[in-house]
Number of protein chains: 2
Amino acid sequence: MSKSLENKEFGVKQIARLANVSIATVDRVLHNRKGVSEATKKRINDIIKEFDYKPNIIASRLASKKVSKYAVLIPSSTETDFWEAPLSGIDRAAKALKQYGIVVLKFFFDLNDKQSFLKQVDLILEEAVDGLLVAPSFVEEAIQLTTRCNERKIPYVFINSDVPGQNSVCYIGPHLFCSGYQAAQLMDFAVKTGKVLLINVSKELDQYHHLLRKEEGFRAYFEKNNKKLQILKLDIKQTDSSSIEDALDKVFSEQKGIEGVFVTNSRVSAVAHYFERKSIVKVLIGYDFLKENIKYLELGIIQFLICQKPEEQGYRGIMTLHRYTDLHERRIEDQFMPIDIVTKENYRFYHN
Amino acid sequence: MSKSLENKEFGVKQIARLANVSIATVDRVLHNRKGVSEATKKRINDIIKEFDYKPNIIASRLASKKVSKYAVLIPSSTETDFWEAPLSGIDRAAKALKQYGIVVLKFFFDLNDKQSFLKQVDLILEEAVDGLLVAPSFVEEAIQLTTRCNERKIPYVFINSDVPGQNSVCYIGPHLFCSGYQAAQLMDFAVKTGKVLLINVSKELDQYHHLLRKEEGFRAYFEKNNKKLQILKLDIKQTDSSSIEDALDKVFSEQKGIEGVFVTNSRVSAVAHYFERKSIVKVLIGYDFLKENIKYLELGIIQFLICQKPEEQGYRGIMTLHRYTDLHERRIEDQFMPIDIVTKENYRFYHN
DNA sequence: CTGAAAGCGCTTACAG
DNA sequence: CTGAAAGCGCTTACAG
């Protein structure tokens, strides 16, 4: 390593000297603290502008020993292991930010229980956090949360699903419509003739809304590119394996000529499991890089999985809170995740 | 923000007190500087271990004002705009590390001129850098470089293509064989009957070696999954448009029944251009998220582009140098990039 | 081989 | 409304 060659950097001391004040006063205007006359305030701000002064955040952190506290509110991983990935992204970010005095508190709710969401919200608000990363799985409950955050001026970032018009810092997650559109193109490639079956598997109505947006994208593709292909639809409102099996039995006995199946979420493994047992061979497309799904990808029963960087979503969520809360960035844009196509051939290289 | 609640952290002062020495001596053993008796050294090290002391790198950086200097050696973007992406990743990392006193010097060579590579190497070695990120496009010249780096104990990271067995910190880039394998699967899906044409477009022999590894992967897929499909091969050793056109004219007049074309690098746009002019409709698969390629993807002339996160390669390259040089991480693994499948439907969401 | 003291660039009471 | 001084946890000459 070499020494810094630059002579004395331009800092508070220099500003103070030029403005004929003490560094304490410079610090006051730097942080918009009151108790400075307009005249000296202007004088100092002019100098800051003229020299394009940037504070040394290293020194600032060392001196202030500030600590930021973020809360995370996401589903627990009991029902599905999908949320393990965002969680590990959150942990990765937390680890990276730890040495800058940032603490991340984690709260989990049950995807089958709206009350558990509200209960965790209470706990979070007791903590006086500086920012919140939340998966707004339940729309109404999420709005209750944002209302309370707005009152307290706590900024929040939405992850994985969006509730538009809620004054969030930003949304980080998939563009649902477009991911359905992509699924359709893959289906169009792989299925030359016959019918296509679209399956929504979901208990909770809130989740179902998100699936509908993917369905719209899927249909939009065929509307535009291949109107002849017939799309059948199956809603499965129970997620236990026997309900799924019954529903599949029914549709495949009633409908002949189904060549491709698109499952609009990670439940695709349940369909794959069924195909395996019944030795059914069709093009099968679904969502998410989960162990079960990868197993069937490897077996050649699932052809394509669409994945949307769940780990990255968690990582970016925390980093975005940091950018907003600590680095005072504004106008942070929504961050749509890439629409990754995962296959038997490339899954080993996939970065969540 | 809340104040740190923890009482006085455990630091050099505490260690010094416990060991009955001054903090200067503690600093000496912390940095393995000589001039400390074995006895006190042991005493201090024991305390460090016992309390699992971790230095405050914020304070350390502020006090030392250390600066690290990395060099980057990559192709200039005159011939192809591929290298703009790694460059922008490098800039992004440089920007993030700037406030930690890390400086990145950039050097460029001409992909058509091995001498220019060696010339830049001389310039870099004059700079006494602390680390090097290099695209070893020319194998022999790269080995000359690594030899000289080894003498000077300058660590180096390979990016985009590898030269195995060279004692690099690690390799960051695509797994060529597997990316060819993935291309073959897409081709297999999209082409049901007929022949497939594989095209290598490359002037320099060194680049050609890399293309061969993709070709091997491509063939391996069909060897395993679909032996019936016939694979034709075309080498184009000149990269100007009229040479490419002549070669394509020749192959398409001689060979009938070609349904799919796989171009093993980013030159796929040249083939797409040809298809457009001659109104040829075939499945076309190639490499890299370049403006020209995206244009033909949008037009539906190219179906799939395989991309390997060029921006990310640059970013990771610098960050890896930082991890090795400044954070003293060891055993850093090779980092294979994901094999991204980019289509007309998802390219808008692609993160380079 | 070891220590006392100044300093990195900022922040924070405290005093006026 | 403003300033002098101490301090954040480490590093760096300098002196012995």
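Below, chains carry the letters A, B, ... as their sequence lines are ordered, and counting in each starts from 1.
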Check the distance between [N]'s [atom2] and [X]'s [atom1] and give it to me in whole angstrom.
X: H31(A); N: dA13(C); atom1: NE2; atom2: P; answer: 13 Å
X: R33(B); N: dT12(D); atom1: CZ; atom2: C1'; answer: 8 Å
X: K54(B); N: dG9(D); atom1: NZ; atom2: P; answer: 17 Å
X: Q14(B); N: dC8(D); atom1: CD; atom2: C1'; answer: 12 Å
X: R61(A); N: dC10(D); atom1: CZ; atom2: P; answer: 17 Å
X: K13(A); N: dA6(C); atom1: NZ; atom2: C1'; answer: 11 Å
X: N56(B); N: dG9(D); atom1: CG; atom2: P; answer: 7 Å
X: L62(A); N: dA6(D); atom1: CG; atom2: C1'; answer: 14 Å

side-chain N/O [X] vs [N] OP1/OP2, d < 4.0 Å:
X: K65(A); N: dC10(C); result: no
X: T25(A); N: dG3(D); result: yes
X: Y53(A); N: dC10(C); result: yes
X: S22(B); N: dG3(C); result: yes

Original post:
Among all residues two or more places apart in sequence or in another chain, which pass the ring pair (Phe, Tyr, Trp, His ring centres under 6.0 Å) test with Y350(A)?
Top reply: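 By the ring pair (Phe, Tyr, Trp, His ring centres under 6.0 Å) rule, Y350(A) matches F289(A).
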Subject >> Y315(B): ring pair (Phe, Tyr, Trp, His ring centres under 6.0 Å) partners, not counting sequence neighbours >> reply: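 Ring pair (Phe, Tyr, Trp, His ring centres under 6.0 Å) list for Y315(B), sorted by chain: empty.
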Subject >> Residue met sooner reading DNA chain D from 5', once G35(A) and I23(A) are mapped to nucleotides >> reply: G35(A)
Original post:
So, K41(A) side chain and G35(A) main chain: donor-acceptor pair closer than 3.5 Å or not?
Top reply: no
Original post:
Are any of the side-chain heavy atoms of F336(B) and D162(B) separated by less than 4.5 Å?
Top reply: no
Original post:
Below 4.5 Å, heavy atoms only, C-beta onward: do R148(A) and D122(A) meet side chain to side chain?
Top reply: yes
**OP:** Give the intermediate values and the outcome of ring-ring contact (aromatic ring centres under 6.0 Å, His included) for residues F109(A) and F107(A).
**Re:** CA-CA 7 Å; F109(A) 62 92; F107(A) 297 83; over 10 Å; no
**OP:** Describe the nucleic acid contact of G11(B) in one word from base, sugar-phosphate, nothing, applying a heavy-atom distance below 4.0 Å.
**Re:**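 Result for G11(B) = sugar-phosphate.
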Original post:
Which atom pair, heavy atoms only, marks the closest approach of V36(B) to R28(B)?
Top reply: CG2-CB, 3.6 Å
**OP:** Anything below 3.5 Å on both distances counts as a pair; with that, list the stems of at least three consecutive Watson-Crick or G-U pairs involving DNA chain C.
**Re:**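 Output for stems: C:1-3 with D:14-16, C:5-12 with D:5-12, C:14-16 with D:1-3.
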Original post:
Any ring pair (Phe, Tyr, Trp, His ring centres under 6.0 Å) pairs touching residues 35-58 of chain A, not counting sequence neighbours?
Top reply: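 For residues 35-58 of chain A: F10(A)-F51(A).
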**OP:** Check whether the side chain of R28(B) and the base of dG3(C) form a donor-acceptor pair under 3.5 Å.
**Re:** yes
Original post:
Among residues 36-45 of chain B, which contact DNA chain C at a heavy-atom distance under 4.0 Å?
Top reply: V36(B), S37(B), T40(B)
Subject >> Pairs meeting criterion salt bridge (charged side-chain N to carboxylate O under 4.0 Å, His left out) with involvement of residues 82-94 of chain B, two or more places apart >> reply: D91(B)-K106(B), R92(B)-E311(B)
Original post:
Name the one of L321(B), I318(B), L133(B) that satisfies side-chain contact (heavy atoms from CB on, under 4.5 Å) with V104(B)?
Top reply: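 Only match with V104(B) under side-chain contact (heavy atoms from CB on, under 4.5 Å): I318(B).
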